[in-house]
Amino acid sequence: MYRLMNDDEGNLIGVVNTNTWLSIPIDTANRDYQEYLEWVAEGNTPEPADSL
Amino acid sequence: MSTIRVSNIKNESTSNGGISVDSSGHVTVDGQQMPTAGALTGRRLNINGAMQVSQRGTVNIAHDDAITSPYTLDRWRNIHANLDSYDCTVTQDSDAPSGFAKSLKVTTGTTESAVDADDILYFSYLFEGQDVQMLQNGTAGAKKVTVSFYVKTSQPGTYVVNLYKINATSRTISKTYTITTTDWEYVELTFDGDTAGGGINNDTSEGFRVSWVLIAGSDWTSTDSTSWIDFVTTAWAYGHTQNGMATNASATWQLSGVQVEVGEKATSFEHRSFGDELARCQRYYIDSRDGKPSSQFFIGQAINSSRIAASVSFTQPMRANPSATIYSPVSETAGSVALYNNTSVDVGSGFVGTTARFNGFYYVYGGSGLTTGLYYAFKYSADAEV
């Protein structure tokens, strides 16, 4: 459901919801990122990143 | 200095208008309530109180939604939980109280056979903490807050509005209002300031919330919250009794003219232009798809088979780094783009905007099938709601 997003240097810059193609920033003020963190806390693992 | 003690001052030839002073010293001039605290202008703290802006259009809400807290009309968030079969639609409707043109309308579709103890559904307006520092929440000088609004429902009865503060110690207070007709009714509710609880953070996160309860089972109504208390879920809807929205097909509930202001009296609704309200709303959400107020498409150049360089600036700096979705301008399919000057066929899938900054983004990537050097068109939405 989620895939990590890296920049050209391999730094994690976001997460993609692969059901909706929503790009989500690494920002705890973002509601979608909060939901992603809850999803991870439930024991789920995102897909590895494709680089930019 | 001497004091003139009167209750009314009027022209000798008419009983209309004039100046009235009530027993608390609050002043009405020619029928208009004067503020009891704060400035004369900029009194309405909330955005889109007249329900003018609806960038998302109709929102369908179902009991089994993966997202249980969707935004509906701009800035107005629905939150629901534990419903078994209920669904409803939330629309921007032209039926509105006198002096207004739009309302938020909830229409029940599938009903609950019965309201269980844990059922809950409400609408909230969430303020950024930095926008409510004047409330002086958590200090000895905490200000009263007045919430005024127009409401219309096919289910007259007693409903609840509550205030909620999340920072430090979470706190809440609630009041009931009773609707007696099926026509528009005006409601004013004044809440005491909260001198305890540790105050509200001065930042962009949620600092203060006002909620209108439509459905609440007994798990949500058992703790008295008519004064500020430390938050418990059982206090959320204290006094709420009307759950007809849950159990009656096609039941309706409408809201407009919402004004949240500092002070212990409701003043006249502070109207703003559509453009003003839209700009304020776009701090939290913007959508460039067809039919939206900011509809347009954007262009970028493919620098390889999977990446488009494109500089997109949001019309307003957003509250936080937003989530973003890319759409084809042809079908508006999420994750697709289209070839510029040949925008009749979707290209690729799985395209996303690079993690957007609060003021824009600069790449579209992640799909495949692009031709290096060609230009591609796309639309987007970005969400930084609280």
Side-chain angles (χ1 to χ4, degrees), chain A, chain B residues 66-71 77 79 126 128-130 201 203-207 284-285 303-304 306-309 318-328 332-337 348-358 361-368 378 380-386:
Chain A
M1 181 179 176
Y2 289 102
R3 186 174 69 204
L4 302 178
M5 179 164 44
N6 286 352
D7 64 13
D8 288 337
E9 284 75 45
N11 302 310
L12 180 65
I13 59 170
V15 180
V16 176
N17 181 323
T18 55
N19 290 337
T20 61
W21 300 116
L22 182 73
S23 63
I24 302 167
I26 306 296
D27 185 344
T28 54
N30 181 288
R31 290 186 304 131
D32 296 304
Y33 186 61
Q34 292 167 7
E35 289 182 9
Y36 165 73
L37 293 177
E38 291 172 7
W39 182 80
V40 171
E42 291 168 0
N44 298 297
T45 304
E47 300 171 21
D50 294 331
S51 292
L52 281 180
Chain B
I67 297 173
T68 56
S69 54
Y71 273 85
R77 188 178 188 179
I79 299 172
L126 283 69
E128 294 180 46
Q130 65 181 358
N201 295 345
D203 60 23
T204 59
S205 298
E206 177 185 350
Y284 304 93
Y285 182 80
I303 59 176
N304 58 38
S306 64
R307 194 193 311 193
I308 301 167
M318 301 191 81
R319 179 190 67 87
N321 296 334
S323 307
T325 305
I326 298 297
Y327 304 94
S328 161
E332 300 197 335
T333 299
S336 291
V337 297
S349 63
F351 285 102
V352 297
T354 51
T355 307
R357 306 292 184 185
F358 67 92
F361 59 91
Y362 50 92
Y363 280 125
V364 173
Y365 94 112
S368 61
F378 60 92
Y380 75 92
S381 63
D383 186 333
E385 290 282 9
V386 179

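Here is the naming used below: chain letters follow the sequence lines, and residue numbers restart at 1 for every chain.
Here A/N30 is the residue among A/T28, A/D32, A/N30 with the most heavy-atom pairs under 4.5 Å with chain B.
Between the side chain of B/S205 and the backbone N or O of A/A29, no donor-acceptor pair lies under 3.5 Å. Checked by atom type and distance alone, the side chain of A/R31 never pairs as donor or acceptor with a backbone atom of B/D383 at under 3.5 Å.
Rounding to the nearest 0.5 Å places CD1 of A/I13 at 11.0 Å from CG of B/N321.
In plain terms, the two heavy atoms of B/F351 and A/W21 that are nearest each other are O-CB, 4.1 Å.
Using a 4.5 Å heavy-atom threshold, the side chains of A/P25 and B/S323 count as touching.
Neither the backbone nor the side chain of B/D203 comes within contact range of chain A; no heavy atom of the residue lies under 4.5 Å from a heavy atom of that chain. Residue contact with chain A, scored on non-hydrogen atoms closer than 4.5 Å, is absent for B/A384. For B/Y380, no part lies near chain A; criterion is any non-hydrogen pair under 4.5 Å.
Remark: B/S306 pairs with B/N304 by the side-chain contact (heavy atoms from CB on, under 4.5 Å) rule, at least two apart or across chains.
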